[in-house]
Structure formats: structure tokens, C-alpha cells
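Written out below as C-alpha cells is the structure these notes cover.
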Amino acid sequence: MSKYSKFSAFTTANARMKSSIYIFILTIHLVNGFLPRTPPPGHWQTKTHFDITNTGILQAVSEYIFETKNTSATSPSFALNAFFGTDYNGMARMFETVRHVRTAVADTQENKRNIGYVHCNADQIKLGIKGKQLMTIASPEEDTCKDVPNIDKDCTDNMLVQNKLTSGFHHGRGNVKPPRSRGSKTGKCSHGGPADTSRRLPAKCGINKDTTVERLSPHYHLHNDAYLAAVAATKYFLIDKDSGILQHLGNETFDLLFHIKQRRKVSLAFAVDYSGSMGREIAAVKEKIIQIVTSTLGSENEPANYVLSLFSDPAIELSLVDSTIIVFTDADAKDANRINEIQTAATFKHIKVTTLRSGLCGRRMRNSANRYQRDTNFFESVAATTGGTVYDTTKEDIGNVLDEVIEDLFPTSEVILEYFTWNREDNQTRAVYVDKSIHVLKIVIKGASRKDEIDFLYPNGTKETFSTPTASRIFTDKNDLIMSIQKLSPGMYNLLRPNIVHIDYEVNITAQSSIEVDGETVEENQNGSSISVEGSPIVGNSTSNKYTYILTLINFGNGTCSELSILDPHGKVLMSYEPTGTFSDIDTLCSAKIIVPNTAFQVKVTAVDESNAIIIRTVPSVIRPTSVELMITSYRDDIALDKENEVSYSVINSGTNKEMYNVRLHDDKSFALEPLIHYHTLNAGDQANGSFILFPKNDIGVLTYQVMVELNKTLERRQTITKRVSVTKTERPVCEVVYLMGKCEIPSLNTANCSKYNWYAESNLYFRGTLIESISSSGGSAVHLEYQNLTDITEGPLKINISGVCCTPYITIDATDVDGFMSRCILDLSNGLEVESVDPVEDVILIPSTPTNTNKSYVVIGAVSGCVIFLCIVILIGVITKTYFGRMDKKKKYCITSRNGPKNKPIRNVQNISFSFHNRLEKFKDNDNDSYSQCY
């Protein structure tokens with residue numbers, strides 16, 4: 001990224017669009033249940049969040065275009081193609097927005113799995129529009145599933161309730177299933193699947209529909225129905241006429257958000273200061289025009305015309321409507337008195353005026369303060385009126401800034417096929433693969449000494465003569481040989497160089513093509529799911545297989561990925577992998593587990609289309625591995641105005657040497673408080689934690705901040721994590737446990753005894769500028785909550801008293817405000833241990849199965865003991881022989897002892913004690929004659 005300051009005069013719609021993208025991503029993540037990214041191996045029919053987001057957005061955008069854009073389409077299914085036509089770049093930008101939202105949704109789903117968006121308790125679930133309930137919700141006390149004998153299959157008919165919304169409890173995700181005694185025929189439903197231990201408790205099995213695999217999803221047969229419902233909900237969220245975000249954003253912002261824009265023929269215009277100091281700027285403009293011409297000539301992305309004007313020439317008059325004029329200057333405005341004339345003419349033709357201003361410092365120091373302020377405002381004023389931008393840069397960096405400006409204002413669908421170093425010892429020819437989607441092929445060769453040094457050969461061996469309008473060859477002042485060829489048939493072409501060369505060539509092959517490529521590195525988290533890597537991946541991991549690279553082919557069609565290659569900065573293949581391919585409505589995903597090399601790298605894909613033609617693409621982004629890990633450990637989607645907000649981090653030295661690191665915080669609105677840098681010296685494998693403070697003042701909207709790690713000795717940046725948060729006057733709910741009394745230890749964690757052990761807790765709920773709509777617990781009626789009436793309370797802290805028994809040893813307290821923002825407190829009183837289902841305690845201590853309380857049990861036991869003693873006395877009187885009398889006396893002692901032992905106490909691991917008839921006899925075995933005393 002180039003270093004420059006930027007003043008941008010956004011229209012109201014532009015500003016709303018930027019906020020809308022962020023709010024859209026924050027809002028849509030509240031739905032969950034499906035796998036985030038990829039289906040289980042071998043089960044491509046399984047739909048994921050990628051598929052749901054893709055299909056839902058595309059259906060919504062297609063219907064929106066069909067109803068508002070007056071296309072020739074006869075139904076929404078044909079609206080996209082009718083609207084974009086041959087503007088592949090425009091359609092690609094729309095798809096790019098979909099991919100960004102898709103990735104954000106998938107990562108958010110996975111990151112929130114343990115926070116409260118998965119399988120909420122039934123009394124917490126709300127559907128549809130605020131204030132409306134679409135289904136009856138099962139009560140917390142109501143059993144919703146039938147017990148089944150097999151926890152891994154035959155669960156398709158286990159629902160007890162009909163036409164009611166119920167929960168699928170999942171142990172380990174903060175949703176502890178209310179326990180039932182062993183042998184119970186009904187109970188609450190489990191999520192189910194191998195990772196959910198609650199599926200072993202009554203009612204056994206589960207109800208999740210996440211996949212099409214019965215072993216993973218007990219209700220696999222309903223997976224497609226759930227997918228279609230999720231797609232419909234996504235579409236509803238976007239364009240519903242009553243509550244869709246379209247109604248809140250308006251058509252103009254919705255168009256900007258999803259890049260729903262048709263390409264128009266416009267000018268690419270430059271106005272250059274004619275002073276002698278602008279030589280470097282003029283050279284940069286010349287080079288950029290050569291790049292644009294050679295890349296887009298003959299394609300749909302070619303500008304209608306090019307305008308190169310001196311400062312005093314009528315650039316606005318020569319440019320077409322809706323064009324952009326890029327102004328280059330290193331001085332104050334020489335014609336500031338013409339500002340009204342310029343603004344009026346540009347506005348009339350909807351022309352944006354953008355300025356690249358360089359080298360002003362020295363000249364301005366000689367000017368008065370008033371002159372400096374007046375002339376500086378000239379460019380900002382013109383930009384504000386016309387919708388343009390002002391970039392302050394340096395002469396050395398102006399070429400890089402111009403590249404970014406052109407790409408932003410005049411994007412093209414140029415893709416990288418491949419790049420490589422053509423070493424002098426390599427073969428004389430080098431293959432170039434052209435597929436049917438390529439409209440213009442461009443080859444840039446650095447290191448050539450003349451224009452005709454390298455030839456381009458057709459599949460039949462014929463040389464291109466570059467004598468027709470469809471082919472050009474240019475040799476630049478920088479010794480760059482640029483070839484541009486249009487309308488090539490699919491096939492394998494070749495570059496031919498002289499037999500003997502004394503230099504290595506750097507070759508970069510690009511094309512105008514409708515098949516684009518993108519990619520990302522993902523890592524496996526503790527749940528076994530893949531999420532995007534924040535910052536840079538860590539070098540190595542040859543044994544852990546931590547990282548997967550997912551490459552996306554857009555507009556590829558029905559083809560297959562055959563190879564993913566890791567390329568070093570010179571295009572040399574470091575490693576190759578055979579990828580796994582999956583398909584969605586708009587793209588093909590090619591993924592492979594990779595070993596991260598100890599160098600910057602790019603990824604190239606080799607694929608085969610439906611006609612068996614070879615397709616080669618290289619992802620443009622460069623990945624820079626590192627040996628230091630950085631994690632943001634406390635993160636909120638929104639932060640409160642006029643309040644200290646903590647940003648906590650963790651840094652780990654994953655290398656082999658001791659290092660000193662600088663950790664810095666930077667934000668785009670200077671809200672961070674000192675200190676802005678922390679220093680950590682870490683041995684290999686060591687970890688350090690720290691935090692920064694953001695204190696937003698006098699500004700609401702979207703705040704972007706970065707946490708960066710750099711080596712102390714070189715200041716080389718090794719990791720960067722960027723976050724975007726919403727700054728609001730409202731402080732959303734934050735729940736904090738402040739007191740806890742009681743623990744649920746092993747003796748209490750079974751259904752026979754858990755109700756005898758009590759616990760108590762207190763929590764504070766902090767909030768400001770909002771109303772709390774509900775406070776609930778995952779334990780339902782088994783947990784007692786006590787707090788003051790929520791009516792008209794707009795500021796915390798609010799005290800919540802919580803009490804219960806050890807039948808619910810893991811509880812979540814969820815507080816939701818009126819806008820749907822939720823905070824959660826977690827009480828884990830058993831250190832992760834679960835309540836186990838056992839037979840009722842009466843069966844264990846041989847009390848009749850009729851339920852009795854503890855006092856009655858002691859009375860019954862005492863009466864039975866008295867009767868037994870009386871009978872033993874009668875028998876003793878009738879005994880004649882002394883020996884027989886002695887033996888009966890011994891047996892009597894056993895009987896009395898067995899009935900006067902501990903009674904009705906909490907028993908450790910009750911479920912593991914066996915009380916078969918043989919066990920009871922063995923307990924009172926007579927060791928003298930191997931006979932038994934049956935004391936019943």
C-alpha cells in the first residue's frame with residue numbers, strides 16, 4: 001500500500017454505503033447452524049454458509065434488478081445476465097462483494113459458536129420481524145423429543161412436539177441439556193452428532209440438519225429443506241418490502257453496496273501542470289497510459305477515448321459525460337479565480353475531478369499562511385463539489401498512487417495468468433496457455449534489449465508479425481517489451497527467444513478474462529472448523545497441517561482443479577498440491593492443506609474446463625509468512641462513545657530465537673490513548689499479553705484500527721490485524737459475574753442427587769442509552785433469576801441474582817437489548833463436567849419404588865429392622881445345639897450391620913455401582929462353610 005494522505009469528498013450515498021457494508025456483515029451473522037465453509041469429505045451435496053449467502057444474495061439482487069432496472073429479462077433468473085451483458089468486470093465486482101460478505105458471515109458464525117448464536121434455549125429464540133412470533137415456542141419445562149435406542153441413526157422420527165419451535169442442546173457450546181433419569185422415555189432434544197455428548201442423555205440422539213450425513217446430522221433428511229429456508233431468510237433480510245435493509249438504505253446505496261452498475265463509455269482524462277518540475281509526473285502518466293492501452297485495447301473495458309491536457313487546456317470540454325479527470329500538480333492552484341467556472345462545467349457533465357498533489361512543502365514555506373490556506377482549499381473544494389478526491393503524495397511514490405487511483409476509478413478485469421523468471425539456461429521456448437474466456441492477452445518481458453528480441457508463436461508454429469490492429473508490440477524506455485494480442489483461439493502458444501542469451505528475463509503474463517481468481521488462507525480452530533487467518537500465517541507447520549489454502553475460480557463453469565502451486569517471488573514452484581474441488585452457484589472452490597514456506601509467496605492454479613482446455617490463473621495477493629503470532633483476545637463489534645474501550649492482545653514467539661517485539665496500535669481517527677506501543681522480549685515459544693485503550697470522542701460511525709507487531713531491532717512489520725468497529729452513543733449490554741457461592745463436584749453430578757446441592761451467583765449488567773428487552777438463562781425454570789423491573793431503565797449497572805441446583809451446573813445468562821444486541825455471562829460450577837443420568841436413588845438403596853421423602857424412608861427402615869430382630873430372637877429360643885446357635889448369632893450380626901449402615905447420602909459415581917442379586921448374596925457370604933446368609 002502506498003503512503004499518502006487522502007481527502008475524499010464522499011456523497012451522502014457513499015458514506016451510507018460504507019457504513020451499510022459494515023452493518024450488513026454485523027447483522028447477517030445472527031443466523032447459524034450450517035458448516036461455515038466446506039462440506040464433509042465426499043458429501044458435496046451438503047450446503048454451507050458459503051452456499052446460503054451466495055444463493056440468498058444472488059436471488060435478492062436478481063429480483064431487485066428485475067423489478068427496478070428495466071432490463072430485457074423475462075424473470076429474475078435471467079436478470080443478472082440481461083443487466084451486465086458483456087460487462088464481465090462489472091459482474092465480477094458484484095460477485096466480489098458477495099464473496100467478501102460470504103467470508104465474513106462464515107468466519108463470524110464460527111467465531112461466535114461459543115458466544116451465543118448457536119442453538120439458543122427455546123425461551124430465548126425469536127423469529128421474524130420484531131414484535132411478531134411466527135411459531136409457538138416450546139416451554140422450558142416441556143419435553144420435546146422421544147428417547148431412541150441408537151444415538152447414531154434411526155432418529156428421523158424422534159420429535160415429540162409438532163408445530164413448535166424447540167432447541168437442540170449441545171454440550172460444549174454453552175447449552176447444557178436439562179437432565180433426565182436413566183430410562184426416561186422423553187426429554188429435551190439434543191443437537192446431536194459426534195461432537196455433542198448430550199446426545200447420550202435422555203432423550204438420546206438429536207435433531208440437527210447441518211449436513212446430509214446421518215452420522216453427523218440426525219435429521220439429515222431435512223438438510224435441503226433447512227438450506228432453502230435459510231436462503232429464503234437471507235433474501236427476506238435483504239429485500240423484504242416491509243423490513244428488508246433495502247428499505248432502510250434506498251436504491252442508490254443498495255446499488256453501491258452490491259456494485260449494481262452498468263459500464264458506460266467514458267474518457268480517461270489527465271490534466272498535467274505544464275511547469276518544468278513535473279517531468280516525473282508526466283513520465284508516470286505516459287507509462288500508465290501504455291499499460292491501460294495494452295491491457296484493454298479491443299475489450300469491453302477499453303476507455304472510449306483518452307484525454308491528455310495541459311493545465312490551461314479544456315480537459316472538461318474534451319471528456320465524455322460521467323468521466324473522471326486526474327489532475328497532477330506540485331504547486332498551488334494557478335487559476336484559483338476560476339473555481340466557480342470549473343465546478344459548474346464539471347457538475348454539468350457529471351465529471352469528477354481528482355487531484356494528485358506532490359512536492360508542496362518547499363514552495364509553501366515561502367508563501368504566506370493566508371495564501372497557503374486559500375490555495376490548498378481550492379483542490380478540496382473542487383473535489384467536494386464534483387465527487388472527486390485529493391491525494392497528497394511524493395514525486396517518488398506518485399506512480400504507485402496513480403496505479404491505485406486508476407484501479408479504483410477505472411477497474412479492469414485483468415487477471416494474472418502466471419509470472420516467472422526465464423533463466424538463461426532454460427529452454428528456448430516457453431508455453432503460454434490461452435483459454436476461451438481470454439479477450440486480450442498481454443505479455444510484459446523485462447530485460448529485453450530490442451523490440452523484436454522475443455517472438456510469439458501460434459500453436460502451428462507461425463510467428464505473430466504484429467502488423468494488424470489486433471496485435472501490438474511496444475518497447476519502452478525502461479527496456480520493457482510489451483506484447484498485446486486480441487481474439488486468440490484456445491490453445492497452447494509459445495514464446496521464442498534467441499538461442500543464446502546473456503540475461504535472465506522477468507516475464508509477467510496477464511489477460512482480460514471473465515474467469516477470475518481469488519484466494520485466502522484459513523486455519524483450523526479448536527472446534528475443527530476453518531476460519532480466515534488474521535494477519536500472516538506462521539512459517540512451517542509441516543506436522544500440524546494447520547493451514548488450508550482455498551482458491552476461488554469465478555465464472556469457471558463445469559471444470560476441475562488439477563493442481564495448486566506455491567510460487568516464490570520469482571515465480572519458481574516451491575510446492576504443488578492436488579486440490580479438492582467444490583462448487584457453488586457462482587464459483588468453484590479448490591482447496592488443499594499447505595505447508596507455509598519461509599518466504600513470501602503467491603498461489604497458482606492449473607485447471608481443466610469442460611472442453612479439456614488448460615486454464616492457468618495466479619492469485620494476485622502476496623502472502624508474507626512470519627514467525628510471530630498475534631491474536632486480538634477481546635473484541636466487540638461496537639464500542640461506546642466517550643468511554644474507555646479495551647483492546648487486548650496476545651503475542652507468541654513461534655520462531656526458534658529470542659526476539660524483542662514492538663506491538664503498536666493505530667486507528668484512523670486518533671482515538672487511541674497513550675501508550676500506543678508496548679515492548680515484549682520473548683524466548684522461543686513464549687507468550688505475552690497486553691492491551692490498548694480506545695476512547696472515541698465527538699464522532700460516531702465506523703472506526704478502523706490496526707494492531708501491529710514489528711521486530712524491535714529492524715522495525716520490520718511482521719503481523720498486522722485490522723478491525724472495523726461501529727462507534728455509537730449507545731453502550732450495548734455487557735454482563736459480568738461478580739460473585740459466586742457453591743460448586744458442583746462429582747458427588748452432585750448425577751440425576752439421583754443433583755437437586756440436593758444449591759448454588760448462588762450475582763452478576764452486573766452494564767449498558768447505556770438503550771433498554772433491556774429480556775434477561776433469560778439457559779436453565780429455564782430450573783434457574784431462578786431476580787432483578788428489578790426493566791421498564792424505562794436506560795443505564796446500568798443492573799444487578800442480577802441467580803440461584804439454582806447442581807442439576808444445571810453450566811448456565812448462561814443472556815441479556816438482550818431492544819435492538820437485538822446480546823451479552824452473555826457464563827457460570828460453570830462443575831469445571832466442564834456433566835450431570836449423568838442414573839437410576840433413581842431408591843433403586844440403589846433397596847427402598848420400594850413408591851416415591852417417599854427422606855424422613856419417611858428412615859421410619860420404614862427402622863420398622864423393618866425391628867421386625868427382623870424380633871424374628872431372630874424367636875428363632876434363637878428354639879435352637880438346641882450350641883454350634884447351630886453360634887452360627888445363627890454370627891449371621892444375625894451381618895444382617896443388623898447391613899441395615900444400620902449409612903442411608904440416603906450422596907453417593908459418588910452411583911451409576912457405576914452394580915446391585916445384581918448375585919452381588920447382594922456375595923456381600924454376605926459365610927466364609928466358614930461357603931454358604932450364604934440371605935437377609936431379606
Side-chain angles (χ1 to χ4, degrees), residues 113-116 118-124 140-141 151 167-184 187-204 206 526-527 735-763 775-786 800-815 823-841 844 904-913:
R113 291 180 87 86
N114 298 320
I115 301 179
V118 183
H119 299 299
C120 295
N121 194 54
D123 61 354
Q124 301 166 341
E141 297 78 16
I151 63 173
S167 304
F169 289 88
H170 190 304
H171 284 188
R173 290 187 181 174
N175 308 113
V176 177
K177 184 176 178 177
R180 299 290 186 269
S181 296
R182 181 186 296 162
S184 297
K188 285 293 188 182
C189 300
S190 291
H191 175 276
D196 177 23
T197 57
S198 78
R199 79 192 198 281
R200 302 180 182 276
L201 305 177
K204 292 190 288 292
Q526 64 271 21
N527 295 320
C735 185
E736 179 182 330
V737 177
V738 294
Y739 178 75
L740 180 62
M741 181 179 69
K743 294 185 68 175
C744 296
E745 298 179 336
I746 291 177
S748 68
L749 295 176
N750 61 75
T751 53
N753 302 313
C754 61
S755 61
K756 303 171 187 176
Y757 295 82
N758 301 311
W759 54 261
Y760 173 80
E762 295 176 2
S763 68
I775 299 175
S776 60
S777 79
S778 60
S781 60
V783 173
H784 179 67
L785 301 180
E786 186 179 87
I800 306 171
N801 298 323
I802 315 155
S803 59
V805 296
C806 283
C807 296
T808 51
Y810 186 101
I811 305 95
T812 59
I813 308 300
D814 295 323
S823 180
R824 165 167 289 182
C825 276
I826 296 177
L827 302 175
D828 185 359
L829 297 111
S830 63
N831 293 322
L833 297 177
E834 302 170 3
V835 176
E836 300 190 24
S837 296
V838 299
D839 294 329
V841 67
V844 174
N904 207 23
K905 286 183 64 179
I907 301 173
R908 181 183 178 93
N909 293 331
V910 174
Q911 68 279 12
N912 294 326
I913 299 176

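Numbers here simply count residues along the sequence, with the first being 1.
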### Message
Could you check whether any side-chain N or O of Ser803 sits under 3.5 Å from a backbone N or O of Tyr760, counting only pairs where one atom can act as donor and the other as acceptor?
### Response
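Not a single qualifying donor-acceptor pair exists.
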
Do [X] and [Y] come close enough that some side-chain heavy atom pair is under 4.5 Å?
X: Ile826; Y: Val737; value: no
X: Leu201; Y: Ser190; value: no
X: Tyr757; Y: Pro809; value: no
X: Asn753; Y: Ser748; value: no

### Task
Apply the side chain to side chain contact (heavy atoms under 4.5 Å, CB included) test between Ser763 and each candidate in Asn801, Leu785, Leu827, Ile802; give the one that qualifies.
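Testing Ser763 for a side chain to side chain contact (heavy atoms under 4.5 Å, CB included) against Asn801, Leu785, Leu827, Ile802 leaves exactly one candidate, Ile802.
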
### Query
Pick from Asp828, Val805, Leu749: which one makes a side chain to side chain contact (heavy atoms under 4.5 Å, CB included) with Cys744?
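So the option named by the test is Leu749.
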
Roughly how far apart are [X] [atom1] and [Y] [atom2], rounded to 0.5 Å?
X: Leu829; Y: Thr808; atom1: CG; atom2: OG1; answer: 8.0 Å
X: Cys806; Y: Ile746; atom1: SG; atom2: CD1; answer: 12.5 Å
X: Cys825; Y: Glu736; atom1: SG; atom2: CD; answer: 7.5 Å
X: Asp814; Y: Arg824; atom1: CG; atom2: CZ; answer: 4.0 Å

Please report the closest heavy-atom contact between [X] and [Y], naming both atoms and the distance.
X: Leu833; Y: Ser830; answer: O-OG, 2.6 Å
X: Thr751; Y: Arg180; answer: CG2-O, 3.5 Å
X: Ser837; Y: Pro202; answer: OG-CD, 3.3 Å

